Amino acid sequence: MNPLSDRITSLPASATLAMAAKARELKTQGIDIIGLSLGEPDFNTPDYIKDAAIQAINDNYNSYSPVDGYVELKEAVITKFKRDNNLTYTPAQIVVSTGAKQSIANVAQVLLNPGDEVLLPAPYWVSYSAIATLCEATFKEIPSSIEDDFKITPAQLEAAISPKTKMVFFNSPNNPSGTIYTEAEYRALAEVLEKYPNIYILSDEIYEHINYGTKHFSFAAIPSMYDRTITVNGVAKAFAMTGWRIGYIGAPDWIAKACTKMQGQITSGTNCIAQQATITALNESPERIQFMVDEFKVRRDLILDLLNDIDGFKTNIPDGAFYVFPNVSAFFGKTLRGKTINNATDFSLYLLEEAHVATVTGEAFGNSNCIRISYAASQDTIKEALKRIKEAVTA
Ligand code: GLU
């Protein structure tokens with residue numbers, strides 16, 4: 001008999017982390033793997049943020065912090081929300097957590113009962129469905145395709161809503177597609193939700209600053225949505241701070257209070273040094289990290305050029321994040337180097353085994369026609385990876 005709980009037994013492992021672990025393992029075996037599976041900037045955390053962390057250590061920040069974060073950090077988050085998103089929050093509405101992933105898990109835990117339904121516009125980040133499952137909620141995918149720039153319509157949203165729907169998760173810029181919803185598109189979706197006052201909206205904006213042109217718009221900035229939207233953000237992606245583990249929410253105060261209670265029983269306040277460094281990261285102008293965004297844009301254009309040069313990859317132009325999500329269904333049913341490709345998972349594995357390039361299957365993101373390729377890697381790495389992919393699929 002399996003002594004593990006049903007909860008963990010039924011939980012899928014994170015596909016992004018699993019692929020990264022597999023790539024790491026192959027590398028330790030001496031295989032020259034290029035890892036384009038993980039959404040992780042290859043830059044170092046900027047010096048002005050590192051200096052703030054060193055200062056915090058020397059200032060003896062070594063004790064428990066308040067569970068919901070230092071007051072000064074909450075003030076920095078409030079200033080950031082006002083400056084960048086035109087959102088007004090009070091300290092009681094802010095909770096700082098161990099990464100945006102914990103922020104999302106907290107919110108789901110405090111709002112979802114068994115049997116509640118979460119709507120996930122697809123493609124969606126791999127952990128959304130898993131987090132819903134952990135809460136014994138169900139999730140319903142709302143499909144989109146590359147032809148529509150991976151955006152859902154208000155009619156699709158309305159058709160997906162059922163009496164059990166409790167939450168909808170929006171994520172713009174999107175992981176894995178890079179799609180950004182415009183203000184007008186978000187307002188049109190909000191018009192549908194205005195008719196359903198019992199649905200809560202989680203707006204994951206972790207890729208906010210990795211944006212190449214479409215103005216970022218926060219869902220909570222729509223007045224009718226403010227009281228039931230939880231805005232999630234963090235420093236991992238924009239500030240090259242993935243390992244520092246700082247995420248935060250701005251939410252109705254009763255939801256923030258519940259998240260603090262949840263966190264108080266699971267992790268307590270997050271790492272005190274990382275919190276102090278985040279105060280500096282948020283208080284400084286976003287201009288200071290623009291050089292990374294500019295470089296990501298060059299890489300996006302490079303990878304699109306190289307992909308478009310390979311028969312069988314269908315691409316769109318993602319306007320944010322650092323992923324491309326090409327449709328590779330042209331390869332399904334084909335046999336390459338003796339291996340039959342039936343789906344995106346087969347294709348991603350084929351690229352790992354034959355091209356030694358790690359990507360992630362779209363199936364983990366709720367789209368079985370695509371694969372996700374992260375271009376948070378140097379231009380030379382991207383060139384080498386795409387050269388190998390081209391050779392492997394045209395062999
Ligand atoms: N969010 C990143 C990704 O999608 C990091 C890995 C993870 O937490 O899923 O690759």
Side-chain angles (χ1 to χ4, degrees), residues 16 20 35-46 49 77 80-81 83-85 87 99-101 103-104 121 123-128 149-151 169-183 185-186 203-219 221 231-248 278 281-282 284-304 307 315-326 359-360 365 372-379 381-382:
T16 48
L36 301 184
S37 58
L38 207 54
E40 168 153 75
D42 57 325
F43 295 101
N44 291 323
T45 304
I49 300 173
V77 169
K80 175 259 173 292
F81 273 136
R83 177 192 67 206
D84 301 340
N85 312 106
L87 290 173
K101 194 182 282 192
S103 299
I104 295 165
Y124 52 83
W125 178 46
V126 295
S127 291
Y128 293 163
D149 267 334
F150 297 110
K151 287 179 182 176
F169 283 21
F170 290 135
N171 173 216
S172 170
N174 178 268
N175 174 5
S177 69
T179 292
I180 300 180
Y181 280 85
T182 64
E183 175 176 348
E185 287 161 344
Y186 258 175
S203 177
D204 179 353
E205 304 181 15
I206 188 74
Y207 292 95
E208 168 184 12
H209 292 298
I210 320 289
N211 182 319
Y212 314 122
T214 305
K215 194 173 164 12
H216 181 79
F217 183 74
S218 290
F219 201 77
T231 307
V232 178
N233 213 323
V235 289
K237 311 295 180 178
F239 298 90
M241 292 174 73
T242 50
W244 297 65
R245 309 310 299 135
I246 297 283
Y248 54 84
T278 299
L282 295 182
E284 291 290 321
S285 163
E287 279 302 310
R288 297 195 74 166
I289 49 164
Q290 187 59 36
F291 73 96
M292 291 189 262
V293 181
D294 292 343
E295 174 62 20
F296 284 134
K297 183 168 188 286
V298 172
R299 296 172 185 183
R300 178 203 62 176
D301 294 342
L302 172 68
I303 199 165
L304 285 179
L307 278 174
T315 60
N316 66 335
I317 302 179
D319 216 14
F322 31 58
Y323 309 109
V324 282
F325 199 56
T359 60
V360 188
F365 302 91
R372 189 188 80 172
I373 310 176
S374 164
Y375 54 86
S378 73
Q379 295 183 40
T381 304
I382 292 169

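Note that the coordinates shown come from a computational prediction; the quantities given were computed from them, not determined experimentally.
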Q: Please report the C-alpha distance between Y207 and Y323 in whole Å, then the side-chain angles of each, then the deciding distance to 0.1 Å, and finally whether the ring-ring contact (aromatic ring centres under 6.0 Å, His included) criterion is met.
A: CA-CA 11 Å; Y207 292 95; Y323 309 109; 5.7 Å; yes
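- With sequence neighbours left out, E208 forms a salt bridge (charged side-chain N to carboxylate O under 4.0 Å, His left out) with K80.
- There is no side-chain donor-acceptor pair under 3.5 Å between T179 and N174.
- T359 places no side-chain N or O within 3.5 Å of a backbone atom of S37 that could act as its donor or acceptor partner.
- Contact check for L38 versus S374: no side-chain heavy atoms found under the 4.5 Å cut-off.
- Counting heavy atoms from C-beta on, the side chains of H216 and N85 come closer than 4.5 Å.
- Under the 4.5 Å side-chain criterion, counting only non-hydrogen atoms from C-beta, E205 is not in contact with V232.
- For the salt bridge (charged side-chain N to carboxylate O under 4.0 Å, His left out) test, residues two or more places apart in sequence or in another chain that qualify with R299 are D42, E295.
- Here the options are L302, V298, I373, the test is side chain to side chain contact (heavy atoms under 4.5 Å, CB included), and the partner is I382; only L302 passes.
- In this structure K151 satisfies the salt bridge (charged side-chain N to carboxylate O under 4.0 Å, His left out) test together with E185, sequence neighbours excluded.
- Side-chain contact annotation: W244 with T278, donor-acceptor N/O pair under 3.5 Å absent.
- Aromatic rings from F322 and Y212 are positioned such that their centres are separated by 6.0 Å or more.
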Q: Test ring-ring contact (aromatic ring centres under 6.0 Å, His included) on F217 and Y181 and set out the steps.
A: CA-CA 8 Å; F217 183 74; Y181 280 85; over 10 Å; no
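- Using a 4.5 Å heavy-atom cutoff, the side chains of R372 and F365 are in contact.
- Of all non-hydrogen atoms in I210 and P173, the two that sit nearest each other are O-CG, 4.0 Å.
- Using cut-offs of 30° and 60° on the angle between ring planes, the pair W125 and Y128 is perpendicular.
- Judged by distance alone, with hydrogens and angles left aside, the side-chain atoms of T242 form no donor-acceptor pair with the main-chain N or O of E40 at under 3.5 Å.
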